[in-house]
Trainee: 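Below are the C-alpha cells for one structure; questions will follow.
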Amino acid sequence: MNTSLILSIESSCDETSVALVKDGKTLLSNVVSSQIESHKRFGGVVPEVASRHHVERITYVIDDALSEAGVTMEDVDAVAVTQGPGLVGALLVGISAAKALAFAHQKPLIGVHHIAGHIYANELVEEMQFPLVCLVVSGGHTELVYMPEHGVFEVIGETRDDAAGEAYDKVARTLSLPYPGGPAIDRLAAVGEDTYNFPRVRLEPGSFDFSFSGLKSSVINAVHNAEQRGETVIPENLAASFQASVVEVLVEKAIRAVKEKGAKQLLVAGGVAANRGLRAALQEAATAEGIQLVIPPLDLCGDNAGMIGVAAHHAYVRGKRDTLAMNAVPGLSLEESMTV
Ligand code: KG4
Ligand code: ZN
C-alpha cells in the first residue's frame, strides 16, 4: 500500500493552494494562488482579508489542480489538508473544502501539520535518510527538528521570540520596503556589505535555541540613531549586516546539531529557505564538513499544497486517518501531529 494519489489543500496563511501528489514523489499539479498583492498595502497579512480571498478562490484552485493533473476525484485515494498552525479563519476554509470533498466522494481525510509539509518538500529533491536534522525557517517558526524516522519530529531548538522570517519582515518595514520583507532584504543584502557588525545571539553554550528580537532592535536603533544625527543609512549595508548576523547563527547551530545527533542529512525548510545568502552559507559549511545538504527549489520553499501532499502520503501509508469532526488547530504541535 505504498502507492497513493492525494489531493492536498493548503490555506494556512496567504496562499490558496491545491496539489495532486502521486506516491509522495511526483507533483502532478501544484496550483498556488497568492494574495500578496492584496496584503501589500497593509504591510502584512490581514487575517479577515486572507479568509475572504481563500473562500473566493478555493473551488477554482481545486478545479485547476484536478484538470492540470488530468485526474478526477474518482482517481484520488485521500484528501489531505493543513490542520494547523496558521490563521484560524484561513485554515477553516481549506479544512471545510477538504471535508466536503472527502464526504462527497467518500475518501479518507488526513490532517497535516504545516511545518511537517515544509520539511517534506525536501523529499521531492532527495529521499530522506534517517536520522536527519531539519532547519525550519519560516514566517512563524524557527526550529531545529530531529527526525529519527518518517513522521517522528523532535524539536531540539526553537526561537525564544521572533521567527527568522518575522525578523526579516520587521526589519524590512523599518527600511520602508514592501511586504513580504524577506525577498526585498535578500536582494539588498546581495549588493551590500556587513559594515554594522550586529551581535550574533548564541544564547547559553550548547543551546540550539534562537533569539532574533535583540538583533531586530539593534537594526531599528541604528536607523533611528542615524535619523537623529541627520545621517542617511545605506540600506544595502544595513540589510547585509542584518542578514550576516541571522545567517551566521542559523548555519552554526544547524551544523552543530547535525554533528551532535549523528544525522545523515541536513534539510532546510520554510519561506526563509529561499534566502540566497542562507543557501550559499549552508552549502559552503556543509561541503566543508562533508554533510549532505538538501534544500527545496525556490518554488517549494514558500507555502504550497504539494509539500502537504508529500507529508500526507507518509501519514497515509502509516494509516493516519482523521474524521469529519477534525477542526483547525492554530497552535498545533509538530511533535504530536503525525501520530496515527
Ligand atoms: O513558510 P512561509 O512561506 O510562510 C509561513 O509558513 O510563515 O514563510 C514566509 C516568510 C516571510 O517572513 C518572508 O519574508 C520570508 O519567509 N521569506 C524570505 C525570503 N523569501 C521569503 N526571507 C528571507 N529571504 C528570502 N528570500
Ligand atoms: Zn509556511
Side-chain angles (χ1 to χ4, degrees), residues 4 6-19 21 24 30 54 78-99 102 108-124 128 130 132-159 163-165 267-273 296 300-323 325-340:
S4 70
I6 294 182
L7 181 144
S8 50
I9 301 179
E10 154 65 38
S11 71
S12 65
C13 190
D14 59 350
E15 325 278 357
T16 317
S17 181
V18 179
V21 182
N30 189 16
H54 287 308
V79 178
V81 63
T82 304
Q83 188 183 4
L87 303 168
V88 66
L91 288 165
L92 277 170
V93 178
I95 291 174
S96 306
K99 282 184 187 175
L109 177 70
I110 301 171
V112 175
H113 191 284
H114 181 75
I115 296 300
H118 274 299
I119 295 172
Y120 270 93
N122 286 282
E123 267 267 306
L124 294 165
M128 289 179 172
F130 300 101
L132 62 81
V133 163
C134 183
L135 171 67
V136 177
V137 274
S138 75
H141 294 258
T142 300
E143 283 160 9
L144 276 164
V145 178
Y146 175 70
M147 285 182 76
E149 56 180 290
H150 278 299
V152 181
F153 308 94
E154 196 187 311
V155 178
I156 58 172
E158 62 194 333
T159 182
L267 272 48
V268 193
V272 185
L300 294 176
C301 288
D303 292 345
N304 68 91
M307 67 188 198
I308 301 299
V310 178
H313 166 79
H314 291 277
Y316 176 75
V317 297
R318 290 192 356 272
K320 183 180 194 288
R321 303 288 184 270
D322 286 289
T323 70
M326 186 179 86
N327 210 345
V329 183
L332 188 65
S333 141
L334 177 63
E335 294 186 340
E336 288 155 28
S337 65
M338 298 269 270
T339 314
V340 175

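In this chain, numbering begins with 1 at the start of the sequence shown.
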Trainee: Working to the nearest 0.5 angstrom, can you tell me the gap between Ser17 OG and His54 NE2?
Mentor: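 Ser17 OG to His54 NE2: 10.0 Å, rounded to 0.5 Å.
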
Trainee: Apply side chain to side chain contact (heavy atoms under 4.5 Å, CB included) to Val18 and Leu7, showing your working.
Mentor: CA-CA 7 Å; Val18 179; Leu7 181 144; 4.1 Å; yes

Trainee: Quick check: does any side chain N or O of Glu123 sit under 3.5 Å from a backbone N or O of Val310, one acting as donor and the other as acceptor?
Mentor: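 Not confirmed, Glu123 side chain does not pair with Val310 backbone.
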
Trainee: At their closest point, which heavy atom of Ala305 faces which heavy atom of Ala19, and how far apart are they?
Mentor: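 So the two residues come closest at CB-N, 3.5 Å.
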
Trainee: Side chain to side chain donor-acceptor pair (under 3.5 Å): which pairs involve residues 108-122, sequence neighbours left out?
Mentor: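 Counting only pairs at least two positions apart or across chains, the side chain to side chain donor-acceptor pair (under 3.5 Å) contacts touching residues 108-122 are Glu10-His114, Ser12-His114, His114-His118, His114-Asp303, His118-Asp303, Tyr120-His150.
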
Trainee: If every non-hydrogen atom of Ala116 is compared with every non-hydrogen atom of Phe153, which pair is closest and at what distance?
Mentor: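 Result for this residue pair: CB-CZ, 3.7 Å.
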
Trainee: With side chains defined as the heavy atoms from C-beta onward, is the minimum distance between Met128 and Leu267 less than 4.5 Å?
Mentor: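 Answer yes - side chains close enough.
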
Trainee: Once you round to the nearest 0.5 Å, how far does CD1 of Ile6 lie from NE2 of His313?
Mentor: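 Reported value, rounded in 0.5 Å steps: 7.0 Å.
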
Trainee: Kindly write out the residues that satisfy side-chain hydrogen bond (donor to acceptor under 3.5 Å, both in side chains) with Gln83, not counting sequence neighbours, or none if the list is empty.
Mentor: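 Partners of Gln83 under the side-chain hydrogen bond (donor to acceptor under 3.5 Å, both in side chains) test: none.
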
Trainee: How many angstroms lie between CG in Asn30 and CG in Leu300, if you round to the nearest 0.5 Å?
Mentor: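 One finds 6.5 Å between CG of Asn30 and CG of Leu300.
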
Trainee: What pair of heavy atoms forms the shortest contact from Ala98 to Leu109, and how long is it?
Mentor: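 Heavy atoms of Ala98 and Leu109 come nearest at CB-CD1, 3.9 Å.
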
Trainee: Could you tell me the separation between the OG1 atom of Thr159 and the CD atom of Glu143, rounded to the nearest 0.5 Å?
Mentor: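 It is 9.5 Å, given to the nearest 0.5 Å.
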
Trainee: Please list every donor-acceptor pair under 3.5 Å in which a side-chain atom of residues 325-333 meets a protein atom from a residue at least two apart or in another chain.
Mentor:
unit_1: Ser333; atom_1: OG; unit_2: Glu335; atom_2: N; d: 3.3
unit_1: Ser333; atom_1: OG; unit_2: Glu336; atom_2: N; d: 3.3

Trainee: Please examine the side chains of Phe130 and Pro148, heavy atoms only from C-beta on, and report whether any two atoms are closer than 4.5 Å.
Mentor: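 Side-chain contact under 4.5 Å: no.
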
Trainee: Check for a donor-acceptor pair, side chain of Lys320 on one end and backbone N or O of Gly111 on the other, with a separation under 3.5 Å.
Mentor: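 A pair under 3.5 Å: yes.
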
Trainee: Flag the pair Thr82 / Leu91 as yes when at least one side-chain heavy-atom distance between them is below 4.5 Å, and no otherwise.
Mentor: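 Yes, side chains in contact.
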
Trainee: Rounded to the nearest 0.5 Å, how far apart are CG of Leu135 and CG of Leu144?
Mentor: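 Output value for this atom pair is 5.5 Å.
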
Trainee: If you round to the nearest 0.5 Å, how far is CD1 of Ile308 from OG of Ser8?
Mentor: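 Nearest 0.5 Å value for the OG-CD1 distance: 7.0 Å.
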
